[in-house]
Amino acid sequence: GCSSSGGKGSEDKAEETGGGKANTARMTIAMVTHSGQGDTFWDIVKNGAEVAAGKDNVKLLYTNDDKADGQAQLVEQAVNQKVDGIIVTLAKPDAMKAAVEKAVAAGIPVMTINSGSQFSKEFGALAHFGQEESVAGEAVGEQLNEDGRKKAICLIHEQGNVSLEERCAGVKKTFKGEVENVQVEGTNRPGVEAAVEAKLTAAKDTDAIVALNADIASAAAKAKEGAGSEAEIATFDLNSDVVARLASDEVAFAVDQQPYLQGYLAVDGLWLHKQNLNVIGGGRPVLTGPAIVTGDDAEALKKFTDRATR
Amino acid sequence: MSTTLTKAAGDERLVHRPLAGRLLSRPELGSVIGAIAVLVFFSATADSFLSSMDTVLYAASTIGIMAVPVALLMIGGEFDLSAGVLVTASALVSSMVSYQLTANVWTGVLVSLLVTLAIGFFNGYLLVRTGLPSFIVTLGTFLMLQGANVGVTKLVDDTVSTKSITDMQGFSSARSVFASTLGIGSWDLKVTILWWIGLVALATWILLRTRAGNWILAVGGGEDAARAVGVPVHRTKIGLYLGVAVGAWISGQHLLFSFGVIQSGEGRGLELHYIAAAVIGGCLLTGGYGSAVGAAVGAMIFGMTKQGIVYAQWDADWFWFFLGAMLLLATLLNAWVRKRAEAAK
Amino acid sequence: MSTTLTKAAGDERLVHRPLAGRLLSRPELGSVIGAIAVLVFFSATADSFLSSMDTVLYAASTIGIMAVPVALLMIGGEFDLSAGVLVTASALVSSMVSYQLTANVWTGVLVSLLVTLAIGFFNGYLLVRTGLPSFIVTLGTFLMLQGANVGVTKLVDDTVSTKSITDMQGFSSARSVFASTLGIGSWDLKVTILWWIGLVALATWILLRTRAGNWILAVGGGEDAARAVGVPVHRTKIGLYLGVAVGAWISGQHLLFSFGVIQSGEGRGLELHYIAAAVIGGCLLTGGYGSAVGAAVGAMIFGMTKQGIVYAQWDADWFWFFLGAMLLLATLLNAWVRKRAEAAK
Amino acid sequence: MTSRPTPAAAGAATAQPAPLAELRGISKFYGSIRALEGVSLRVDAGQVTCVLGDNGAGKSTLIKIIAGLHRHDAGDLLIEGEPTRLASPRDALARGIATVYQDLAVVPLMPVWRNFFLGSEPTKGAGPLRRMDVGLMRATTHRELLRMGIDLRDVDQPIGTLSGGERQCVAIARAMYFGAKVLVLDEPTAALGVKQSGVVLKYVAAARDAGLGVVLITHNPHHAYLVGDRFVLLKRGVMAGSHARSEIALDDLIRDMAGGGELEQLSHELERIPPTEAPAVPAARTEG
Amino acid sequence: MTSRPTPAAAGAATAQPAPLAELRGISKFYGSIRALEGVSLRVDAGQVTCVLGDNGAGKSTLIKIIAGLHRHDAGDLLIEGEPTRLASPRDALARGIATVYQDLAVVPLMPVWRNFFLGSEPTKGAGPLRRMDVGLMRATTHRELLRMGIDLRDVDQPIGTLSGGERQCVAIARAMYFGAKVLVLDEPTAALGVKQSGVVLKYVAAARDAGLGVVLITHNPHHAYLVGDRFVLLKRGVMAGSHARSEIALDDLIRDMAGGGELEQLSHELERIPPTEAPAVPAARTEG
Ligand SMILES: Nc1ncnc2c1ncn2[C@@H]1O[C@H](COP(=O)(O)OP(=O)(O)OP(=O)(O)O)[C@@H](O)[C@H]1O
Ligand SMILES: Nc1ncnc2c1ncn2[C@@H]1O[C@H](COP(=O)(O)OP(=O)(O)OP(=O)(O)O)[C@@H](O)[C@H]1O
Ligand SMILES: [Mg+2]
Ligand SMILES: [Mg+2]
């Protein structure tokens with residue numbers, strides 16, 4: 001039978017983004033990230049890059065590897081493929097150094113995105129679009145102070161991931177209360193839910209939960225319900241579920257670093273550089289965040305999160 | 001079960017052996033010792049551990065629902081690396097079908113059952129047709145599914161996670177079947193625990209009391225010998241993969257109906273947990289020996305340890321270290337107790 | 001190697017069999033067919049594939065250095081789930097020792113060798129002492145190492161990655177040993193390729209020509225029979241784990257000296273790639289059969305496929321799907337060719 | 001079933017009913033190894049066909065073809081007169097051919113009773129409650145083994161912990177119990193004690209008398225001569241002779257089995273050594 | 001090595017030199033199963049000790065204790081007069097005890113020549129170049145098997161693809177080749193053809209004559225009587241007798257092996273059936 005509610009039938013027909021298309025010569029740009037498989041955040045980055053690529057008549061080669069040596073190899077492969085520009089993330093700067101320098105030496109313009117702004121210039125990249133993980137973390141800490149919270153837990157969903165550790169470290173730095181890290185398994189949401197529920201039961205005085213991505217935030221919200229805790233939930237990044245939960249106040253606020261912009265601007269930046277030798281930001285890092293999103297913004301954002309552009 | 005027949009009781013070649021010793025020689029009951037040790041340990045070190053047994057049981061059940069069919073498969077001598085991502089695939093299918101067709105979610109649930117069974121059949125059929133080792137066949141499907149989960153979701157839903165179906169027709173009835181919570185006393189028991197117990201009972205029945213069970217033990221313990229006496233080896237193996245598919249379907253539906261949204265990259269790595277639970281519970285990796293109850297106890301040990309470490313509030317950086325050490329200790333203890341029991345009797 | 005002895009050549013019970021057929025029946029040469037197919041396929045579909053063979057070889061060598069000892073271990077009938085994180089552990093130890101003691105990095109490299117060997121010994125010793133299956137023992141060390149890697153790094157260095165040691169004494173000489181690049185024509189060959197070839201040659205020599213090799217084949221193919229005729233089963237197994245440790249040490253040092261910094265959370269999941277390379281190359285998961293060259297060819301197939309998909313510019317969302325499908329096809333092709341060869345001979 | 005001759009008919013008539021199973025010019029290769037070439041054999045109802053031959057002559061290969069375990073590469077396999085290709089042992093079992101293999105007998109980790117009934121488990125109950133009749137299975141296993149002189153302590157013992165001969169007895173008792181039309185036995189008495197061997201030979205005789213066709217492989221010419229009606233000799237994969245019982249004497253059979261004339265000398269030599277030597281030292285060989 | 005008696009000494013002197021190996025009141029339990037209780041046995045140089053008994057009597061268990069594969073639970077094991085606990089088969093081999101097991105013979109996937117030398121591989125070269133002497137190993141394997149009447153096509157064949165008897169011959173040839181002081185053979189001739197059995201018995205006689213102590217397990221009383229000097233009878237795990245060759249006749253031995261008087265009848269019955277029946281139908285049993 002048919003569902004009378006929800007589903008595709010209830011979707012607004014989203015208006016097509018992008019109108020015209022540049023008539024400049026076709027160029028090929030490789031984008032190499034340290035994303036894992038099927039990650040919402042990186043999907044948004046990629047969407048931004050694709051829209052810019054479509055507009056600028058660019059062929060975009062997106063690849064990703066969450067292991068340092070794998071990502072470095074991908075950059076070298078891009079160099080071998082003689083692309084016209086490379087966009088790379090610097091989450092593991094030391095590991096990427098040699099590969100990026102090789103690209104620069106080969107005369108390929110490089111843009112860096114996401115974290116690692118302090119290394120961008122040193123490695124010879126043209127520009128950097130992103131947000132420092134620790135800065136974003138600090139923003140969360142400050143917001144929690146404002147909300148009068150005393151004890152927070154920070155959910156690390158991938159052990160040993162530098163960016164996640166930096167986010168928690170940032171929270172710790174500005175938050176006046178106590179912060180404790182909790183390891184959860186990012187690929188196992190029932191497991192996340194059970195672990196967070198356990199932590200909330202064991203440490204009853206916890207009054208804030210910091211999730212480091214949107215999917216973990218949903219699991220944390222369920223765990224909070226299960227444990228009957230009053231803790232407020234803060235999260236990094238957005239998805240439709242988090243936006244819905246923002247609207248219903250289940251999630252207090254989210255830190256958005258506007259990943260769409262990182263992808264979009266990097267591609268556009270390379271195009272501009274080729275066409276006009278422009279450098280966005282004049283060589284200094286361009287920050288795309290952190291922006292704090294609360295329930296008030298939720299209504300307006302819903303449409304975009306559904307399309308995976310916010 | 002393990003009483004001897006008729007006159008054998010008076011056989012001078014049989015040394016008397018107390019009940020405890022006999023019980024301990026059963027694969028599942030041996031591992032119970034390990035489970036009890038973990039339980040006692042965490043009850044003593046973690047305050048809220050005992051009172052939060054409902055969460056612990058929930059964590060155990062989400063592993064256990066898959067550990068049971070995976071254990072049967074292992075007893076049948078095969079391996080399934082694709083089990084973890086199959087759960088995600090199953091959830092994705094029902095979510096996408098329901099959403100895209102704007103149909104009652106039960107339609108999606110049924111289509112998902114068919115698709116999941118088809119993937120299980122593909123695994124089994126490829127295995128018996130090609131004679132390749134199951135490790136390589138299911139590694140192939142594991143990688144393919146991992147890619148297809150993301151690729152298809154992007155293709156269909158434009159994002160890497162599915163659209164929410166919480167507001168669709170049938171959702172609440174499906175949720176009550178796959179993801180409801182039953183309040184019993186101060187405990188909030190998840191319905192997955194019932195599914196789990198049901199699966200354990202069913203698998204035990206199959207293994208101990210049906211012809212299929214006899215065949216499973218035989219193809220795992222000696223495939224050539226089994227074939228030689230007329231056991232339908234191929235059908236048995238395909239059946240085992242279908243069993244894993246059913247488990248994945250239940251787990252997948254639980255995932256979908258407890259969260260409403262599915263992340264397409266989830267599930268990777270969980271296959272190892274299922275296999276580990278089965279092995280901790282006494283299943284032989286090489287096949288031919290093990291039990292469903294054992295797998296359930298293994299899942300219980302796994303679940304208790306994972307939760308217990310959090311309740312005990314040990315340093316999170318060392319979480320995996322403690323988990324590994326506890327699992328090893330529990331299994332060692334169990335092996336040691338069994339050896340003692342054998343020697344003492 | 002596979003010529004028959006003296007008068008057997010004229011035996012009326014032997015059908016004449018052409019060289020090609022005989023070659024194909026060797027475990028490693030069968031899988032070469034699969035490798036050639038992958039090579040031809042990507043040379044045709046991906047422009048820069050052939051001209052970038054150096055990168056492809058590099059990718060294959062990083063898997064291959066571990067795949068070879070892991071293959072020996074598998075031939076010896078055991079499993080190592082901790083191989084992936086052991087690589088990281090090995091790199092972490094030398095980095096931290098050098099940095100914290102402000103010593104010549106070679107000190108760190110040596111200490112790391114000892115520590116890595118100690119962990120390998122721990123695996124092997126626990127296995128033979130307790131009689132637990134290697135799956136559960138190495139799952140334990142896998143989890144423990146995974147936790148300890150991060151835990152210790154955070155304890156010592158305060159972050160989850162180590163401090164850079166690129167400016168320390170001995171770094172450049174160590175780099176030239178473990179991570180240098182040799183320009184040959186237009187190709188930049190990484191030194192890991194040499195290490196890889198060396199390990200394959202060494203492992204082949206051990207397996208085919210030494211007593212230890214005979215024992216490895218025997219403990220994997222029939223542990224009880226081997227013990228009964230006096231093979232030192234325990235020593236052999238411990239030795240195999242030490243071999244894996246040596247491989248992990250080389251890989252770990254390469255990782256460290258090519259980047260100067262180590263991410264403590266990496267390495268998980270790679271053990272599966274090593275095992276897969278060995279299995280694709282014809283090693284039996286149940287032990288007793290396989291070859292080091294086969295494992296190398298398996299690593300080559302793995303490396304070529306991973307790189308080829310990128311060069312062919314296929315959609316990254318479907319990366320894992322293509323990888324799985326290609327691996328499966330290559331192994332199927334190889335199995336099929338072998339069957340044909342057997343039947344036609 | 002229709003044309004199956006009764007033992008009486010088989011004994012009385014010289015007109016040939018279709019044999020229960022027949023091999024015509026069978027060849028079998030393992031890769032480049034020729035195991036059998038052009039071997040023919042017929043299994044008649046109420047007759048025991050003995051297959052004799054040296055080690056590696058191809059006897060087991062031959063019976064594996066009748067049992068459906070291997071496919072032959074050339075020649076014809078006829079079952080009750082019809083040319084057939086057996087797809088699997090299950091197929092052969094369904095046509096009433098029960099086999100005791102030389103080295104594929106049992107699943108070591110499984111209890112004795114499960115092994116005994118493996119592949120032909122009796123059930124009770126119906127629908128979802130259909131289950132193995134465990135009581136019957138245990139009782140039958142214990143009884144049938146007792147009849148062969150094996151008094152099991154516990155039918156729940158994993159069969160791998162039985163002694164070699166006990167294990168062999170389980171395989172034989174199983175085949176006897178399920179044997180329908182053709183009984184194929186590959187060296188059944190090799191691991192058995194004197195008493196158990198006697199029981200097995202009695203069983204073979206009884207099966208023959210009940211009208212079954214029996215194929216018996218053995219290295220013991222005395223055993224073969226005791227129950228055999230026809231003796232087929234294999235040598236290095238080809239047929240070296242086929243004799244009815246009436247055409248051959250025990251001594252000739254022994255000589256044939258030992259590889260012919262050139263070997264007679266060896267066996268004589270051996271038979272002589274101990275007797276001549278024994279008297280020389282026995283005085284010294286008193287008990288300590 | 002020092003006190004090892006030469007065959008001549010063993011034969012000539014009534015003064016007892018320490019036996020090569022001796023079991024005194026040995027017991028062995030597998031979990032709750034009693035396999036042996038209070039069994040004694042001595043292995044003297046230049047003598048063949050036969051262990052006889054029904055299936056499941058505990059014969060294999062007994063020799064596994066001598067071979068170092070199992071540890072006994074009670075009693076003493078003496079090697080050359082010294083009380084010993086063998087840690088492993090390797091230990092036993094180092095003391096010159098070579099064994100052919102009933103069911104633990106070989107590693108199926110390994111080539112024949114690797115199996116033959118497994119655990120005692122000859123090497124050449126020194127230091128890092130020390131390697132197995134593959135040429136010698138292959139040649140020796142082929143030659144030794146040929147001497148037993150097994151003409152292998154290819155010593156590179158995985159041993160699992162050999163026939164049952166061929167496999168057994170490899171195990172026997174290996175033990176014979178390496179046998180140092182004590183040779184333990186568990187049903188060596190069970191799977192062998194007439195010719196190969198003859199060869200093995202000749203080998204046993206030769207080993208005895210060379211001053212080795214031999215323990216032979218067999219179900220064939222003829223074989224046992226041909227070479228045995230002393231017969232130890234086991235019954236359901238306990239000793240049922242121990243006789244020097246001079247004290248027992250072949251017929252008594254057969255009766256003892258078949259389980260004593262109450263069984264005589266059965267064996268008679270069987271021996272009678274075919275002869276009486278055979279003449280009744282032979283005319284009908286002409287060749288087809
Ligand atoms: N590992 C084991 N666990 C339990 N019981 C065992 C084990 N091995 C042997 N047995 C039992 O011990 C008894 C003696 O076995 P053993 O193999 O020594 O007999 P055997 O005299 O060699 O018989 P056969 O002539 O059939 O080879 C048997 O009844 C057997 O069931
Ligand atoms: N799977 C196989 N692959 C290759 N060769 C084989 C295989 N099985 C058997 N052979 C060979 O075929 C020949 C016949 O073997 P088979 O087992 O039929 O002999 P057999 O007559 O039963 O001998 P035995 O009396 O020793 O049991 C042997 O020489 C053996 O080496
Ligand atoms: Mg045979
Ligand atoms: Mg025995």
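First the proteins, then the strands, lettered A, B, ... as listed; each starts at 1. We use all heavy atoms of the structure for the numbers below, so side chains are in, but hydrogens, waters and symmetry mates are not.
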Exercise for the section: With side chain to side chain contact (heavy atoms under 4.5 Å, CB included) as the test, would you mind laying out the steps for C/L270 and A/K67 before giving the verdict? Expected result: CA-CA 10 Å; C/L270 287 181; A/K67 305 213 164 47; 4.0 Å; yes
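When all heavy atoms are compared, the tightest approach of C/A316 to A/N64 is CB-OD1, 4.0 Å. Residues A/Q159 and C/R268 approach most closely at O-NH2, 3.1 Å, considering heavy atoms. Of all heavy-atom pairs spanning A/K46 and C/D315, the tightest one is NZ-OD1, 3.8 Å. Closest of all the heavy-atom pairs between A/D66 and C/E266 is O-OE2, 3.9 Å.
Ranked by heavy-atom pairs shorter than 4.5 Å toward chain A, the options C/S51, C/G265, C/S264, C/G260 are led by C/G265. Note on A/A68, A/P93, A/A78, A/A169: by heavy-atom pairs under 4.5 Å with chain C, the leading option is A/A68. Of the listed residues C/S258, C/S52, C/G267, the one with more heavy-atom pairs under 4.5 angstrom with chain A than any other is C/S52. In terms of heavy-atom pairs under 4.5 Å with chain A, the best-connected choice from C/S161, C/G147, C/G269 is C/G147.
Proximity to chain A is absent for every atom of C/K306, based on heavy atoms less than 4.5 angstrom apart. Residue contact with chain C, scored on non-hydrogen atoms closer than 4.5 Å, involves the side chain of A/L74 exclusively. Proximity to chain C (any heavy atom under 4.5 Å) is shown, for A/A95, by both the backbone and the side chain. There is no contact between A/K82 and chain C, counting heavy-atom distances below 4.5 Å. At a 4.5 Å heavy-atom cutoff, C/I262 makes no contact with chain A through either its backbone or its side chain. Residue A/K92 touches chain C through both its backbone and its side chain, counting heavy-atom pairs closer than 4.5 Å. Only the backbone of A/N161 comes within contact range of chain C, with at least one heavy atom under 4.5 Å from a heavy atom of that chain. For A/Q81, the parts lying under 4.5 angstrom from a heavy atom of chain C are both the backbone and the side chain. In this structure, the portion of A/A72 lying under 4.5 Å from any heavy atom of chain C is its side chain and not its backbone. Proximity to chain A is absent for every atom of C/T159, based on heavy atoms less than 4.5 angstrom apart.
Formation of a donor-acceptor pair under 3.5 Å by the C/Q263 side chain with backbone atoms of A/V162 is not found in this model.
With a 6.0 Å radius and a threshold of 12 heavy atoms from other residues, nucleotides or ligands, A/K121 has its NZ atom at or below the threshold. Around atom CD of C/Q169, no more than 12 heavy atoms belonging to other residues, nucleotides or ligands sit under 6.0 Å away. In this structure, A/K97 places its NZ atom where only 12 or fewer heavy-atom neighbours from other residues, nucleotides or ligands lie under 6.0 Å away.
Annotation: side chain of A/E76 is not in contact with side chain of C/D188 (no heavy-atom distance under 4.5 Å). Residues C/Q307 and A/N80 form no side-chain contact, since every pair of their non-hydrogen atoms from C-beta on lies 4.5 Å or further apart.
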